[in-house]
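Working notes, beginning with the structure itself.
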Amino acid sequence: MKQLFPLPHVMGFVFSLILSLVALAVVYFDLSYTAGMTILLITAIVQASLQLLLFMHIGENSDRSTLYTNIAYALFVGVVTILGTLFTMVWGYN
């Protein structure tokens with residue numbers, strides 16, 4: 001049974017929740033713009049790296065072209081999501 005339990009996935013999910021709570025704390029604490037953006041940037045980078053390593057199984061394949069394709073696809077999805085959110089929330093029609 002221990003072999004079937006996805007411990008890295010559970011740990012990644014817990015760390016992802018913790019990083020999300022740290023990023024959410026920026027909203028609740030009265031931080032300066034620089035401190036808030038620094039915390040958000042660090043948590044975003046760590047969370048993205050964590051998801052690449054734990055959820056996309058980057059370390060499980062030795063084929064470099066597959067690894068680079070997965071990373072490029074993840075970056076594409078991330079950029080499209082960010083730009084789509086900005087387009088909808090900031091630049092969208094009022």
Quiz prompt | Main-chain N/O of L40 paired with T43 side-chain donor or acceptor, under 3.5 Å | solution =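 Checking the backbone N and O of L40 against the side chain of T43, a donor-acceptor pair under 3.5 Å is found.
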
Quiz item: Do you know which two heavy atoms are closest between T34 and T38, and how far apart they sit?
Solution: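 Minimum heavy-atom contact is O-OG1, 2.7 Å.
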
Taking distance alone, no hydrogens or angles, what donor-acceptor pairs closer than 3.5 Å link side-chain atoms of residues 17-32 to residues at least two apart or in another chain?
| residue | atom | partner | partner atom | Å |
| --- | --- | --- | --- | --- |
| S20 | OG | S16 | O | 2.9 |
| S20 | OG | Q47 | NE2 | 3.4 |
| S32 | OG | A35 | N | 3.3 |

Quiz prompt | Residues that T69 engages under side-chain contact (heavy atoms from CB on, under 4.5 Å), provided they are two or more places apart | solution =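 Residues passing side-chain contact (heavy atoms from CB on, under 4.5 Å) with T69: none at all.
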
Quiz prompt | Partner set under side-chain contact (heavy atoms from CB on, under 4.5 Å) for V80, not counting sequence neighbours | solution =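 Partners of V80 under the side-chain contact (heavy atoms from CB on, under 4.5 Å) test: F76.
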
Quiz item: Which residues pass the side-chain hydrogen bond (donor to acceptor under 3.5 Å, both in side chains) test with S65, sequence neighbours left out?
Solution: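 Result, side-chain hydrogen bond (donor to acceptor under 3.5 Å, both in side chains) vs S65: D63.
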
Quiz item: Taking ILVMFWY side chains as joined if any heavy atoms are under 4.5 angstrom apart, and letting links pass through other members, which residues group with V79?
Solution: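 Besides V79, the hydrophobic cluster comprises L83, listed by chain and residue number.
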
